[in-house]
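Structure, as structure tokens:
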Amino acid sequence: MLEAVGVSTEKLRFVQGSSYQKSPEYVMDIYKLSSLVSEHDAKRAGAEVVKQTANAPLSGLLYPILQVLDEQYLDVDAQFGGLDQRKLFTAAKEWLPKIGYKQRAHLLNPMVPGLQGGKMSSSDQDSKIDLLDAPEVVSKKIKKAVAAPQVVEDNGVLAFVEFVLLPASGLKNGKRSFTVDRERDGLEPLVYDNIAQMQDDYRNDVLNPQLLKPAVSKALNELLAPVQAAYQASKDWQEVALKAYPPPAKKEKKVKNKGTRHPGHTIKVDGVTDKVKEMEV
């Protein structure tokens, strides 16, 4: 994704959790925080990211502690996440100094609405765009997306422009820009460098879903093209993707046993093949 928008990855480093999560120091810090953090505070910190039940497993209470400790053991200056992480970030600022570690900065970005309205969900394929979605799949999802005319609130298609396409164009080209073609209407294209003007035009019906959706599909497919080209060129990536997301097993169709005396059933009588022509009553 970073390479697709022209961001250098020379300083990018991936760290596996297992490289530090089994160390004596990390485990001891889990014990320390477990003695300082109450059940109430742990539930509050994980309220938006951990499933809350009346009889929750202990792992749900430990999760916030583990994420907070990651800041120290990854040796980061800042942690980045969506608005659903804000209670965890608040916990990190409160808890880490209690065991002698410094506070970090926390960067939050809004949650992008799903294409079907409401929150984007990994379980609803039509609510999101996957990096490896084929161009025709992207176009189909955008075409089916909820985008009521003149309504900008919870409009997932406009949100994709605001949070993905405009920022990506700025990184890639040095200037934010999004173009809506109006050639079929014999008009000049609409070119936007900010979401406010785009939202105003959408409210006033200068920009409508029939114009917006094809433009978003085109821009998304252009953005995804280099990512997908890299995927097609990498056998390792393809194998890992298959292991991580195996296709659902096909259910074998069970053949119903109709017995031997239904019309059309082939039988042999004295070595001669014949078909049962009618049922005996």
Pick out which of His106, Lys93, Gln103, Arg104 makes a side chain to side chain donor-acceptor pair (under 3.5 Å) with Glu71.
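Answer to the side chain to side chain donor-acceptor pair (under 3.5 Å) test with Glu71 among His106, Lys93, Gln103, Arg104: His106.
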Closer than 3.5 angstrom, by distance alone: can the side chain of Lys213 be matched with the main-chain N or O of Lys143 as a donor-acceptor pair?
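A pair under 3.5 Å: yes.
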Taking Asn194 for its side chain and Ala196 for its backbone only, find out whether a donor-acceptor pair lies under 3.5 Å.
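Present.
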Single-linkage hydrophobic cluster [X]~[Y], side-chain heavy atoms < 4.5 angstrom:
X      : Y      : answer
Leu171 : Leu220 : yes
Val27  : Leu66  : no
Ile30  : Tyr63  : no

Answer yes if the side chains of Gln85 and Gln79 hold a donor-acceptor pair under 3.5 Å, and no otherwise.
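No pair is found: no donor N or O on one side chain lies under 3.5 Å from an acceptor on the other.
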Working note: Glu239 + Lys235, criterion salt bridge (Lys or Arg N to Asp or Glu O under 4.0 Å); need CA distance, chi angles, decisive distance, verdict.
CA-CA 6 Å; Glu239 289 175 5; Lys235 293 287 185 186; over 6 Å; no
Any Lys/Arg nitrogen of [X] or [Y] sitting under 4.0 Å from an Asp/Glu carboxylate oxygen of the other?
X      : Y      : value
Asp130 : Lys128 : yes
Lys140 : Glu136 : no
Arg203 : Asp200 : yes

Taking C-beta and beyond as the side chain, do [X] and [Y] meet within less than 4.5 Å on heavy atoms?
X      : Y      : answer
Val161 : Val180 : no
Leu242 : Pro247 : yes
Pro64  : Val49  : no
Phe89  : Gln67  : yes
Val151 : Asn155 : no

Gln21 and Gln16: CA distance, side-chain angles, deciding distance, side chain to side chain donor-acceptor pair (under 3.5 Å) verdict:
CA-CA 9 Å; Gln21 288 166 348; Gln16 290 186 320; over 6 Å; no
Assess the residue pair Asp193 and Lys175 against the criterion (salt bridge (Lys or Arg N to Asp or Glu O under 4.0 Å)); give the C-alpha distance rounded to whole Å, side-chain angles, the decisive distance to 0.1 Å, and a yes or no.
CA-CA 8 Å; Asp193 59 10; Lys175 181 182 178 182; 5.6 Å; no
Nearest 0.5 Å, please: how far is CG in Leu132 from CG in Leu224?
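It comes to 8.5 Å.
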Once rounded to the nearest 0.5 Å, what's the spacing between atom CG of Leu2 and atom OG of Ser8?
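OG of Ser8 is found 9.5 Å from CG of Leu2.
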Using 30° and 60° as the class limits, which term best fits the ring planes of Tyr20 and Tyr73: parallel, tilted or perpendicular?
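Plane angle under 30°, so parallel.
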